[in-house]
Structures are given as structure tokens and as C-alpha cells.
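Here is the structure we will look at, set down as C-alpha cells.
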Amino acid sequence: MMHLDSESRSDDARLGRSTRAARAATLVTRLQAMQRQINAKNFAVLRVNGRGMPVTRKLTCVLNNWGAASEANAHELLKIYGEELLQHLDRSPLALLWDGQGEHQAADAPDMALFSQRLKGRQLCYSGIAFPIRLGAQGNGYVVFAGSYIDAPAEQILDLHGRCAQVMTDMLAADERRPFKGESLSDREIACLQMAGDGYISEEIAEKMGLSVHTVNAYLGAATTKLDSVNRIQAIAKAIRLGYIS
């Protein structure tokens, strides 16, 4: 009887992971369709961890299509604009734009001067537009679109902002539960995730913890699997929301 119960839980877990993967794929498809409308090349969804006092909050990247460069790009974006994004989220619903470092990298929004604000540009290797979303607690954050030359006419900005809010609403509704007891994170996995969330790369984590880089990556990989995440960045974001790390 115990064997059947265990087998049933395993089947439920597999079904849950399959359902969540399907939902994530649907979100990615929707966001990619939106990015193409304004000539963007990539998207990123940022979420506020929503815990503690405002001074302790930070943005984390929970979904993106940067591929192999996702960790580096998310880190650089939040390092340069993270604090400004958080402050803006508290005081304004207007979209934010910035120009990239390249000579022809720009985010152009004709007729939107009254409905958007600009960050200091030429600091990232891409231009961008960030739509602030305020749904309360875990639903606060941004949907960001990045590329070389972003062309966002007024009517598209207004339409995309509403669709971004719906994406964040759907993500909030589909938030994963805490892992099964048998899948709880170990102390080493939590420690590695915490340091990765603080901006350390695997080599730096290995040096500080006295481990090999291979072992650190194994811990991070195991934690990512347990949290049903598609990459390290999403695992960090989920670990923050679930209270494993800060």
C-alpha cells in the first residue's frame, strides 16, 4: 500500500511538472510575439521578491529568452538599472526606455514623451523598454524587451503594457507550490543559491565554500531541478519567493 502511495505521488509530481512546463512555454510564445511587434530581440520578466521592508527588496529575473547569456545579461541589467527600476515601480506606471551602447542602438517611442520616461542610456549592450507591473506583493515587477533598435509607436506601447500586465497576472496565478518534503533543498544547495543570487559566479562560490566548480554546479543543478526551474536565474527567483534565500 505504501508503494502505491509513493508511486501516486511520483505520478502527480511528473504531471505537475509537465503542466508547469506547458504553461511556461505558452508564456514564452506570447512574449516572443510581443517582442517581434516592436523589433526587439529578447524579453525578460523581472519580479520583486516582495518580502521585508522596501530597502531589502530586490528584483530577480524569473523568465527570459537570452539563452546562454541569460545569467550575465540579467546580472548586468539589474546591476546598472535595478535600483532605479525599483524606485520607479513605487512612484510611476509609465514605461521606461533606454538606449544601448552602439551608435545605432536606440529605443524610439514616437509621440510617447508624456507617457514614458528615459533612463540614462549607453550603459548596456542593448536598448530596452521596461513596462512596470503592479499587482501587489509577488505580482510586482517588469516585463522588459531588449534589442538593437526598438521601434515602439504610441498605440503599441499602450497595447503591450496591458498585455504585459496579463502575462504577469497569469504567472502569479500559476506560481509553483513549495517542493515536496522529499525534494526540499539541502543546506549546501541553499548556500550556493544564496551566493548565486548575490551575484557570485560558480568559480567564486567554489573558492569561498572550498569546493570544486563541478561540485558547485552540481548543487545548483540539483536545486534548479528540485524547484522545477528552467535555469539558474529562475531557481534563484523561486527560492527567494519560497523563503529559502533572501
Side-chain angles (χ1 to χ4, degrees), residues 10 13-14 16-18 20-21 24-25 27-28 31 41-52 56-83 85-86 100-101 123-126 128 141-142 144 146-147 171 175-246:
S10 179
R14 283 194 293 270
R17 283 193 289 270
S18 177
R20 289 190 288 272
L27 290 172
V28 167
L31 288 163
K41 301 300 182 185
N42 300 102
F43 70 79
V45 179
L46 311 178
R47 295 272 293 271
V48 179
N49 64 19
R51 297 179 183 274
T56 68
R57 295 178 308 165
K58 67 177 180 178
L59 287 163
T60 54
C61 183
V62 298
L63 187 66
N64 67 77
N65 66 341
W66 273 317
S70 62
E71 186 176 356
N73 284 348
H75 175 73
E76 197 68 11
L77 170 63
L78 296 175
K79 176 183 176 182
I80 292 174
Y81 290 135
E83 187 57 38
L85 290 173
L86 277 173
Q101 294 171 342
Q123 299 190 70
L124 291 172
C125 62
Y126 52 82
Y142 286 88
V144 176
M171 289 186 70
D175 257 354
E176 279 85 2
R177 52 159 178 74
R178 184 180 292 272
F180 289 124
K181 183 176 180 180
E183 298 175 321
S184 295
L185 302 183
S186 70
D187 290 342
R188 284 289 178 91
E189 290 164 353
I190 292 172
C192 288
L193 274 178
Q194 179 67 69
M195 295 185 71
D198 290 337
Y200 293 101
I201 61 176
S202 295
E203 288 77 7
E204 294 171 325
I205 297 173
E207 182 178 350
K208 289 180 176 294
M209 295 186 67
L211 302 171
S212 70
V213 175
H214 174 77
T215 300
V216 168
N217 286 333
Y219 281 132
L220 290 170
T224 300
T225 299
K226 289 180 180 180
L227 291 167
D228 287 333
S229 299
V230 297
N231 55 39
R232 185 180 301 184
I233 291 175
Q234 189 180 43
I236 292 168
K238 289 183 181 179
I240 290 173
R241 295 202 304 274
L242 293 172
Y244 282 114
I245 64 176
S246 60

Kindly give the heavy-atom pair with the smallest separation between [X] and [Y], and that separation in Å.
{"X": "Cys192", "Y": "Ile205", "result": "O-CD1, 3.7 Å"}
{"X": "Ile233", "Y": "Ser70", "result": "CD1-O, 3.2 Å"}
{"X": "Ser186", "Y": "Lys226", "result": "N-NZ, 4.2 Å"}

Legend entry - Pairs where residues 194-203 contributes a residue and the test salt bridge (Lys or Arg N to Asp or Glu O under 4.0 Å) is met, not counting sequence neighbours: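 Those involving residues 194-203 are Lys58-Asp198.
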Legend entry - Test log, rule side chain to side chain contact (heavy atoms under 4.5 Å, CB included), inputs Tyr200 and Lys208: CA-CA 10 Å; Tyr200 293 101; Lys208 289 180 176 294; 3.2 Å; yes
Inset, instruction - Report yes or no: does Gln234 contribute a side-chain atom to a donor-acceptor pair with the main-chain N or O of Val230 at less than 3.5 Å? - result: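 Yes, because the side chain of Gln234 sits within donor-acceptor range (under 3.5 Å) of the backbone of Val230.
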Inset, instruction - Using ring pair (Phe, Tyr, Trp, His ring centres under 6.0 Å) as the criterion, list what pairs up with Tyr81, not counting sequence neighbours. - result: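 Trp98.
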Which side-chain N or O atoms in residues 59-68 pair as donor and acceptor under 3.5 Å with protein atoms at least two apart or in another chain?
unit_1: Thr60; atom_1: OG1; unit_2: Arg47; atom_2: O; d: 3.4
unit_1: Asn64; atom_1: OD1; unit_2: Trp66; atom_2: N; d: 2.9
unit_1: Asn65; atom_1: OD1; unit_2: Phe43; atom_2: N; d: 2.8
unit_1: Asn65; atom_1: ND2; unit_2: Gln35; atom_2: OE1; d: 3.3

Restricting to side chain to side chain contact (heavy atoms under 4.5 Å, CB included), what partner residues turn up for [X], sequence neighbours left out?
{"X": "Ser202", "answer": "Val213, Val216, Asn217, Leu220, Arg232"}
{"X": "Ala222", "answer": "Glu189"}
{"X": "Glu207", "answer": "none"}

Legend entry - Gap between atom OG1 of Thr224 and atom CG of Leu185 - 0.5 Å precision: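 Spacing of CG (Leu185) from OG1 (Thr224) equals 9.5 Å.
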Legend entry - Approximate separation, where rounding is to 0.5 Å, of Tyr219 OH and Asp187 CG: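 Tyr219 OH to Asp187 CG: 10.0 Å, rounded to 0.5 Å.
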Inset, instruction - Please lay out, stage by stage, how Tyr244 and Leu193 fare under the test side chain to side chain contact (heavy atoms under 4.5 Å, CB included). - result: CA-CA 9 Å; Tyr244 282 114; Leu193 274 178; 5.9 Å; no
Inset, instruction - Taking the side chain as every heavy atom from C-beta outward, state whether Thr215 and Met209 have any pair of such atoms under 4.5 Å apart. - result: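 Result no, sub-4.5 Å side-chain heavy-atom pair not found.
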Legend entry - Any side-chain heavy-atom pair of Met195 and Glu204 under 4.5 Å: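 No. Closest side-chain heavy atoms not under 4.5 Å.
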